[in-house]
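Have a look at the structure below before the remarks.
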There are 2 protein chains.
Amino acid sequence: MTLPPQAGSSTADTPGTPTGSAPGRVVRAIPEATVARLAVYLRVLGQLAEGGAETVSSEELASVAGVNSAKLRKDLSHIGSYGIRGVGYDVASLQHELERVLGLDHPQAVALVGVGNLGHALAGYGGFGGRGFPVTALFDVDPDLVGIKINGIVVHHVRDIPRECPAAGVTIGMIATPAQAAQGVCDKLVAAGVRSILNFAPTVLQVPDEVEVRKVDLAVELQVLAFHVAGRGNAAAAGVDPDAPAVSRVVNGRNGSAVPLS
Amino acid sequence: MTLPPQAGSSTADTPGTPTGSAPGRVVRAIPEATVARLAVYLRVLGQLAEGGAETVSSEELASVAGVNSAKLRKDLSHIGSYGIRGVGYDVASLQHELERVLGLDHPQAVALVGVGNLGHALAGYGGFGGRGFPVTALFDVDPDLVGIKINGIVVHHVRDIPRECPAAGVTIGMIATPAQAAQGVCDKLVAAGVRSILNFAPTVLQVPDEVEVRKVDLAVELQVLAFHVAGRGNAAAAGVDPDAPAVSRVVNGRNGSAVPLS
DNA sequence: CAGTGTGAAGGACTTCACAGCT
DNA sequence: AGCTGTGAAGTCCTTCACACTG
């Protein structure tokens with residue numbers, strides 16, 4: 001049929017790469033799941049630092065981050081031993097360490113394509129968490145939008161992606177267009193050298209292997225929640241439908257990976 | 001700053017529930033990961049149906065959905081045997097089957113709290129993918145917003161959640177407030193009987209076990225992408241930093257779970 | 001002796017590969 | 001012959017539990 005086969009979707013997930021096949025160095029890999037949580041730990045550390053804390057135990061940090069302490073320690077062990085036995089972790093130095101590992105010391109330029117409803121909100125989301133993610137380029141196809149400024153940034157036409165993205169040093173692209181336009185935009189971004197894409201459009205993007213796509217799919221999230229509400233996820237619902245299969249895990253989401261917006 | 005980065009945790013994740021401890025019936029559980037993909041398959045089937053397709057093979061469907069065919073067949077096998085050997089799946093009946101399993105035949109009322117930047121965009125996202133997810137209640141604390149109508153829905157004050165949510169039969173709540181307000185709002189929703197929450201605020205919500213929370217955390221997503229850009233996820237980057245640990249999986253996200261917005 | 005770091009055990013998916021319908 | 005459905009094997013991640021250190 002017509003639909004292109006899709007590849008990229010969300011949470012990265014490529015089988016390949018046998019773990020630890022680096023040339024000169026035996027770098028122990030950091031699990032994908034861990035990387036997402038490190039970002040959460042970093043945010044929590046920021047809050048603790050504001051509160052004046054100088055050290056935290058794995059137990060405290062884990063509880064605020066919503067994970068169990070063993071997992072947190074295992075996660076941190078992937079980046080090295082920065083804890084003090086019998087005491088905990090030094091808040092400030094752990095923060096720096098996490099920023100370094102996540103690569104936040106070299107801020108990335110972000111391009112946003114699609115400045116409609118959602119895109120506009122994203123563009124206004126200044127600094128994305130306050131940490132080095134300036135949206136440096138905006139694109140759309142709507143003549144009414146091209147040319148206007150949002151937060152001081154001019155909206156360019158999508159056709160100019162090939163010129164503007166490299167010029168602005170864009171390394172991360174966000175797609176907030178209607179589904180039909182997403183693949184085309186994605187292709188343009190990839191051609192412009194973008195290797196990391198955050199996709200808000202309800203489509204599975206096809207991309208070459210070197211490109212990482214993460215998706216934020218509201219419809220899917222709601223449907224998963226609906227599944228649980230329908231009593232298919234757990235027996236908590238009032239009248240459990242006897243015909244419905246149940247999910248293995250139940251309520252109360254804790255860790256996981258997703259994209260925040262507001 | 002208006003749009004807060006999100007903390008939400010996202011993909012549900014509770015160890016508990018030993019799989020298959022239902023009283024009268026040995027319902028084989030549907031893995032959480034599968035549920036999220038079923039929603040994607042459903043969307044793809046819709047596109048195929050529009051294109052006039054009557055049947056699809058697991059190979060075709062999988063390719064468009066961005067997963068491998070074995071995984072797709074395993075996923076579908078969790079909901080029963082609706083395929084025809086030697087032929088494939090009947091598009092229409094598989095659609096109905098998926099809708100039934102996901103509980104989309106009983107549309108859920110959704111409440112949205114926080115009608116700022118992002119919240120406003122979400123409220124305007126009419127029908128969320130076109131399928132039964134009417135946003136039936138809006139809340140905020142801003143006096144300038146309380147009382148106005150968005151898409152025909154009046155914005156109520158957050159303090160009225162206890163009254164309005166039950167009245168509107170709300171079963172799913174979406175939180176798009178700044179981080180500081182999120183936990184308070186969450187508590188109100190839970191008190192009002194909401195058992196499923198989609199959190200866009202950059203905070204980890206504390207909820208009782210019966211409540212399922214999924215998060216959409218933009219800051220985390222961008223940081224994960226930044227991690228990969230920094231060459232910590234793969235050796236594809238120009239100058240690979242020898243100090244950086246690498247991630248086990250590399251680029252090109254395939255499956256995963258997230259929320260689409262468009 | 002409190003609290004980290006970690007081998008070992010345990011789960012939850014994923015992928016393989018093939019038996020079995022149509 | 002073609003393609004689904006699925007046991008078995010394999011992988012990635014989580015949880016346990018404990019040795020070890022400050």
In chain order, what residues pass the side chain to side chain contact (heavy atoms under 4.5 Å, CB included) check against B:A92, with sequence neighbours excluded?
B:D90
Verify the contact: side-chain N or O of B:Y89 to OP1 or OP2 of D:dG5, cut-off strictly under 4.0 Å; return yes or no.
yes
Atom-pair distance (CG on A:N68; P on D:dA17), nearest Å:
12 Å
Under 4.0 Å between a Lys/Arg side-chain N and an Asp/Glu carboxylate O for A:R100 and A:D105?
no
Hey, which of these two, A:T34 or B:G80, hits DNA chain D nearer its 5' end, going by closest nucleotide?
B:G80
Quick one: B:D75 CG to D:dT6 C1', roughly how many Å, whole number?
13 Å
Please state how far atom OH in A:Y41 lies from atom P in C:dT4, giving the value in whole angstrom units.
13 Å
Set of residues satisfying side chain to side chain contact (heavy atoms under 4.5 Å, CB included) with respect to A:E59, sequence neighbours excluded:
A:S57, A:S69
Mapping A:I84 and A:A70 to their closest nucleotides on DNA chain D, which lands nearer the 5' end?
A:A70
Tell me, please, which residues at least two apart from B:T171 pass side chain to side chain contact (heavy atoms under 4.5 Å, CB included).
A:V229, B:Q108
With respect to the phosphate group of D:dT4, does any side-chain polar atom (N or O) of B:S58 fall under 4.0 Å of OP1 or OP2?
yes
Roughly, in whole Å, what's the span from CG in B:L76 to P in D:dG5?
7 Å
What integer distance in Å separates A:L72:CG from D:dC16:P?
15 Å
Please report the distance, rounded to the nearest Å, between CG in B:L38 and P in C:dC13.
13 Å
Within this structure, what is the NZ-to-P distance between A:K74 and C:dG10, rounded to whole angstrom?
15 Å
If you find the nucleotide of DNA chain C closest to A:V87 and the one closest to A:S77, which residue's nucleotide is nearer the 5' end?
A:V87
D:dA17 OP1/OP2 closer than 4.0 Å to side-chain N/O of A:R73
no
Which residues share a side chain to side chain contact (heavy atoms under 4.5 Å, CB included) with A:V44, sequence neighbours left out
A:V40, A:Q47, A:L48, A:L61, A:V64, A:A65
For the residue pair B:M174 and B:V110, establish whether any side-chain heavy-atom pair is separated by less than 4.5 Å.
yes
Atom CG of B:D90 to atom C1' of D:dT4: distance rounded to whole Å?
15 Å
Could you pull out all residues at least two apart from B:S77 that satisfy side-chain hydrogen bond (donor to acceptor under 3.5 Å, both in side chains)?
none
Considering only nitrogen or oxygen atoms on both sides, find all protein atoms under 3.5 Å from nucleotides 19-21 of chain C and state each distance.
| residue | atom | partner | partner atom | Å |
| --- | --- | --- | --- | --- |
| C:dG20 | N3 | B:R85 | NH1 | 3.4 |

